[in-house]
Structure formats: structure tokens, C-alpha cells
Amino acid sequence: MRQYFLKHTGLTLSVTVLLIICSALRVFHGVVNAYVLDGLVAKSMSRFLFWTGIDIGLFLVLSIFLFGTMYLEGVLVQKMSLDLRLTITRNITHGDYAYFHRHDTGTYGSWLTNDITMIEDQGFQGYFYIVQFVCDTGFTVAALVQFHWSLVIVSILLGLITYSAPQLLAKSMKQTNMAVTHGNEHFLNQVQSFLQGFDTLFALNLQQRLVDQIAGSARKIAGLRVKQNTVKAGMGSIAGLASIVSQVGISAWTGLLVLWRLTSVGAIMATGNLSFNLLNSMANLGPLAAQMKAVQPLFAKYAAQADNQSAEKRTIPADQAQSIALAQLSYQYPHTSKPALQPLSLTVAPGTKVAITGPSGVGKSTLLNILNGKLPDYQGTVTVAGVPLKQIAGRSLRDNVLYIDQSPYVFNGTVRDNLALGQTFSDEQIMTALRQADLGDFVQQLPQGLATPVGEDGRLFSGGQRQRLALARGILRQRHIMLIDEGTSSLDTASALKVEDSFLKQQGLTVIFVTHQLHAQNKDLFDQVVTLA
């Protein structure tokens with residue numbers, strides 16, 4: 001956690017200085033109270049009014065500094081939360097395909113939302129409180145000394161008791177925090193799955209199923225949070241009780257000092273305020289320290305690194321077409337008894353077009369997933385540009401090979417957003433790709449053109465239009481090798497032929513095209529037709 005504060009050193013120092021000033025002003029207020037009461041005891045109007053005026057001025061200045069402190073604290077916390085979110089995001093996208101999919105997307109969503117909120121409340125805010133506690137303690141000790149040295153010893157002893165008492169529940173706090181973070185992950189996974197299945201439930205008039213499932217998951221997470229709040233309440237109650245007992249003890253000791261004529265009557269009011277600041281800080285410090293320890297496992301969870309050996313792997317040229325060679329390539333999914341892909345040997349020369357056909361379940365999609373690097377634990381050998389596929393760095397492979405899924409994902413944004421995906425392309429380049437995918441005329445006729453929203457998961461577009469949008473997205477990148485999985489299955493024959501011809505007639509482009517239906521009209525454009533059985 002310290003690294004996030006150090007990244008914003010200037011802002012952290014500014015907040016720290018303001019916290020020190022506020023602490024000094026609060027303690028000085030406690031001392032001034034003693035002078036006000038001493039003025040009353042002495043029946044001195046001037047002393048009473050002078051110190052009352054000073055006290056009012058202190059509150060005005062303190063209010064200004066408190067506002068500035070709270071504002072800068074908020075800015076710093078949000079900057080650090082942003083840094084943490086970026087750290088998590090970079091980490092989960094740092095590895096290969098399997099590394100990202102070791103968790104569900106709902107789990108990652110929980111990390112980036114619920115966990116961050118917990119870290120803000122129990123972690124980042126803890127730093128500010130610790131600074132305040134250290135300053136309050138230092139200034140309070142200095143103030144108490146002037147009334148009587150014994151008050152310092154009594155305050156410290158009682159303060160240690162106040163701090164230690166809540167630690168009895170520290171282990172429970174850690175356990176409930178982890179239970180809540182895992183519960184949040186499960187809840188978001190379930191909610192995401194249920195909401196994405198709305199169309200299916202709607203078609204069957206089973207919308208109540210969605211309500212029931214979310215209600216069940218919500219009850220589970222509610223139960224976990226009740227347990228977490230119960231532990232927090234227990235720590236707070238123990239700390240509060242210890243604080244009250246300690247304050248009464250300090251007040252009683254001060255009274256004895258007054259009776260023994262070792263300090264002034266005003267010290268009673270001063271030590272009351274000062275001991276409240278000190279002991280209240282000690283009471284809150286105990287639960288806070290336990291909570292800060294409890295969020296440390298979250299940072300450890302995010303820090304799990306991918307087994308990324310890209311630095312040791314090779315790159316292949318991205319400025320020219322590459323050959324692909326398969327030798328006895330096969331694949332069997334875990335926990336299955338039959339191979340998903342029977343041994344296959346095939347050579348694909350640069351710039352050639354290959355059709356892969358065959359019935360469902362013979363491994364057509366599995367073959368493409370091997371070639372695009374998603375399934376590394378295959379049997380046999382695969383080489384691209386003469387380099388074994390397992391030795392090629394993933395980024396280098398994807399710079400050469402583009403995979404277009406049979407069920408392409410469409411982002412919630414505009415047509416341009418879904419094609420550019422954050423990269424820079426001119427409208428002319430985008431429209432050229434759309435025309436090659438037989439979607440140019442349709443987009444030009446839209447009222448907003450490229451700025452037209454496609455809806456969540458592309459629901460405002462038909463299945464065929466979403467497929468062509470994905471094809472245009474691939475064409476725009478101008479990779480030398482395209483792996484197309486049923487890329488025209490949702491199109492009518494005329495549109496399918498037009499789209500297929502657009503990439504089958506491109507010179508220098510290597511195409512491996514998986515299809516259930518090979519059109520007789522353009523079958524001759526393929527250099528090879530491989531039928532899997």
C-alpha cells in the first residue's frame with residue numbers, strides 16, 4: 001500500500017502537513033479551555049473574554065484547515081484508487097489467454113469495485129488516521145506536561161489498554177473481510193450470468209427466475225456483510241468502553257491532583273478534552289490497525305503474476321506473409337476421453353487460401369484456437385514462419401495472425417468505436433473495410449453514420465450485421481494471416497459470397513476459413529479444401 005502514497009509524494013506531504021496543523025489546533029483548543037475556566041475561577045472578566053475570543057478564533061481557523069484537509073484527502077484517495085485499478089487491470093491482461101480466464105469476469109469486476117471501496121475505507125484512510133493519532137499523541141503529551149507530569153504516564157498507560165482491547169477481534173476481522181471479498185466476487189459472477197441470460201428467460205416467460213436467483217445470491221452476500229459489520233461493531237464497542245473507562249480514570253486522577261493542589265482547577269477541563277482526543281484516537285486506532293492488516297491479503301491477491309516468458313520467446317516478422325505447417329497436430333480437452341482434433345498434417349504457403357470443412361465436433365474451431373495461441377497444450381507440432389508456435393511470443397503472433405470468432409463480441413458503443421477500438425483510423429479506411437465486409441452501404445444509410453450506437457452486445461444490429469462488423473474490424477488491421485471461424489454463417493448466400501470474395505481475392509493474404517457450407521460459386525478461389533472427419 002505504501003507504494004501508492006509514495007507515487008503522489010507532493011500530495012501526501014500536503015495532506016500530512018494539514019493533518020499536523022489541525023491536530024495542533026485541536027490540542028491548543030483543549031489548553032485554552034483550561035485558561036477560560038481559570039479566568040472564571042479568578043473572576044477575571046478580561047482573562048475570560050480574552051481566552052474565549054482566542055478559542056473562537058481557533059475554531060474558525062480549524063474549520064478552514066479541516067475543509068482543505070478533507071478535500072485533499074479525497075483527491076489523494078481517488079488518485080491512489082485509480083492507480084490500484086490500473087495495476088489490477090494491467091496485471092490481469094499481462095499474461096496469456098489462459099491466465100486471464102483463470103477467473104470469471106465477475107471476479108475481476110468485484111476486484112475493481114467492491115475491493116477498491118474496502119481498501120479506500122480500511123486501508124488508505126488508515127494512513128490519515130495514523131498521522132492524526134501520532135500528532136494528537138505528541139501534542140497532547142506536551143500539553144499535559146505543563147499541568148502535571150503524572151498525567152502523561154496515566155494517559156499513556158490507559159491509552160495502551162484502550163488500543164489493545166479491540167485487537168481481541170483482529171483475527172475475526174481479517175477472516176470476515178476475506179469472506180466478504182470472495183462473496184462479492186461470487187455475487188457479481190452470478191448477477192452477470194443472470195442478466196446476460198435475460199433474453200432466454202424472457203422468451204420462456206421465466207423473468208421471475210432472474211429475480212429469484214439474484215435474490216438468493218443477494219441474501220448470501222448480505223449475510224456475509226452482516227457478519228463483517230458485527231465484528232466491526234464488536235471492535236467499536238470494546239474500544240468505546242475502554243475509552244470511556246480511561247477518560248473517567250484520567251478525570252479522576254486530575255481531580256485528585258487539584259485536591260492535592262498540584263495543578264489548577266482549569267486542568268480538569270483541559271485534561272478532559274485532551275484525554276478525549278488521545279483516548280478516542282487510541283480507541284479507533286485498535287480497530288483501524290486490525291482493518292489495515294485485514295486488507296493486506298487483497299494486495300497479495302492482485303500481485304499474483306502471470307508465468308509470462310515472452311521475454312524468452314521469439315518474434316516473427318510482421319511485414320510479410322508467413323507460412324504455416326502442421327505435423328500430426330491433435331488436441332484433447334481436459335477431463336474428456338476423446339480427442340477434440342484428430343492428428344492433422346497440413347502446410348499452408350504464404351498468401352494461400354484454405355477452407356476447413358467437416359461436421360460439428362471434429363475440431364474445426366479447436367484448430368483455429370490452437371493457431372491463434374489460445375490452446376497451447378496441443379500434441380504434435382505447429383510452426384509459423386518456420387518457428388515453433390510454442391516459442392513465439394503471444395504479441396508477435398497476434399501481430400501476424402488475426403482470429404475472427406463465429407460469435408464476435410460487439411462493444412457497447414458506436415460503429416466507429418467497435419472498429420477502431422481505441423486505435424486511430426481515418427473514416428476513409430473504416431469505410432473501405434466496411435465495404436469489403438458488405439456493410440458499407442448499410443452504415444452510410446444510418447442517420448448518424450459511423451457515430452451510430454450499436455447497443456449493448458450489439459443488440460441493435462442483426463446477427464449477420466454483427467458478423468460483418470467483426471469482419472470489417474479484422475480487415476481494417478491488415479494482418480497477413482486471417483483465421484475465420486464461420487465468418488459468414490449468418491449471411492444470406494449473396495452477401496456471404498460478396499464478403500468471402502473480398503478476402504479470397506486479396507493477393508498476399510493467407511486465409512484459413514472454417515465453414516459448414518462451402519459455396520460452389522467461389523470454391524475454386526480456395527487453394528486447398530481440407531475436410532476433417
Side-chain angles (χ1 to χ4, degrees), residues 1-2 4-5 15 19 23 66 69-70 73-74 76-78 80-81 84-85 107 109-137 158-188 217-248 275-302:
M1 185 164 57
R2 183 177 63 177
Y4 296 100
F5 283 98
V15 172
L19 286 169
S23 177
L66 283 175
T69 304
M70 294 176 66
E73 281 182 6
L76 178 56
V77 166
Q78 291 311 309
M80 292 189 295
S81 295
L84 182 54
R85 284 189 171 97
T107 297
S110 180
W111 289 9
L112 294 167
T113 53
N114 297 314
D115 283 9
I116 296 295
T117 299
M118 188 181 296
I119 288 171
E120 287 179 357
D121 294 340
Q122 300 183 21
F124 293 150
Q125 291 290 343
Y127 167 79
F128 307 133
Y129 198 88
I130 287 174
V131 172
Q132 178 184 321
F133 164 74
V134 171
C135 295
D136 283 354
T137 300
L158 293 174
L160 290 174
I161 295 173
T162 304
Y163 167 77
S164 300
Q167 299 303 311
L168 297 172
L169 296 177
K171 184 177 180 180
S172 297
M173 187 76 256
K174 181 177 180 179
Q175 292 173 342
T176 55
N177 268 3
M178 290 307 298
V180 167
T181 186
H182 290 314
N184 283 330
E185 293 168 5
H186 178 74
F187 177 71
L188 281 182
S217 295
R219 290 189 189 99
K220 291 180 181 178
I221 188 62
L224 291 173
R225 287 181 173 170
V226 167
K227 290 181 180 178
Q228 183 188 45
N229 289 333
T230 300
V231 175
K232 285 184 179 179
M235 296 180 77
S237 297
I238 293 173
L241 178 61
S243 177
I244 291 173
V245 172
S246 298
Q247 287 178 49
V248 171
S275 65
F276 174 81
N277 288 338
L278 178 61
L279 296 172
N280 190 55
S281 295
M282 295 292 280
N284 291 326
L285 182 63
L288 182 66
Q291 291 173 17
M292 291 183 71
K293 290 179 182 177
V295 299
Q296 290 304 318
L298 300 183
F299 290 94
K301 178 174 64 175
Y302 309 141

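- To the nearest 0.5 Å, atoms CZ (Phe187) and CG (Leu224) are separated by 11.5 Å.
- Summarising the geometry of Asp115 relative to Glu185, their closest heavy-atom pair is OD2-OE2, 4.5 Å, with the distance given to 0.1 Å.
- Between Tyr127 and Phe5, the angle of the ring planes lies from 30° to 60°, which puts this pair in the tilted group.
- Contact detail for Asn184 and Ser110: the closest heavy-atom pair is CB-OG, 3.1 Å.
- Put simply, CH2 on Trp111 and CG on Leu188 are 13.0 Å apart, with the number rounded to the nearest 0.5 Å.
- A distance of 5.5 Å separates OG1 of Thr176 from CD of Gln228, quoted to the nearest 0.5 Å.
- Interatomic distance, Gln296 CD to Ile119 CD1, rounded to the nearest 0.5 Å: 9.0 Å.
- Note that CG of Asp121 is 11.5 Å distant from CD1 of Ile116, once rounded to the nearest 0.5 Å.
- With contacts defined as side-chain heavy-atom distances shorter than 4.5 Å, the pair Gln122/Asn177 qualifies.
- Closest of all the heavy-atom pairs between Arg225 and Asn114 is NH2-OD1, 3.8 Å.
- The nearest pair of heavy atoms linking Val180 to Ile221 is O-CD1, 3.9 Å.
- Atoms OG and CD, from Ser81 and Gln78 in turn, are 5.0 Å apart once rounded to the nearest 0.5 Å.
- Looking only at distances, no side-chain donor or acceptor of Ser23 sits under 3.5 Å from a matching main-chain atom of Leu19.
- The shortest heavy-atom contact between Val77 and Gln125 is CG2-NE2, 3.8 Å.
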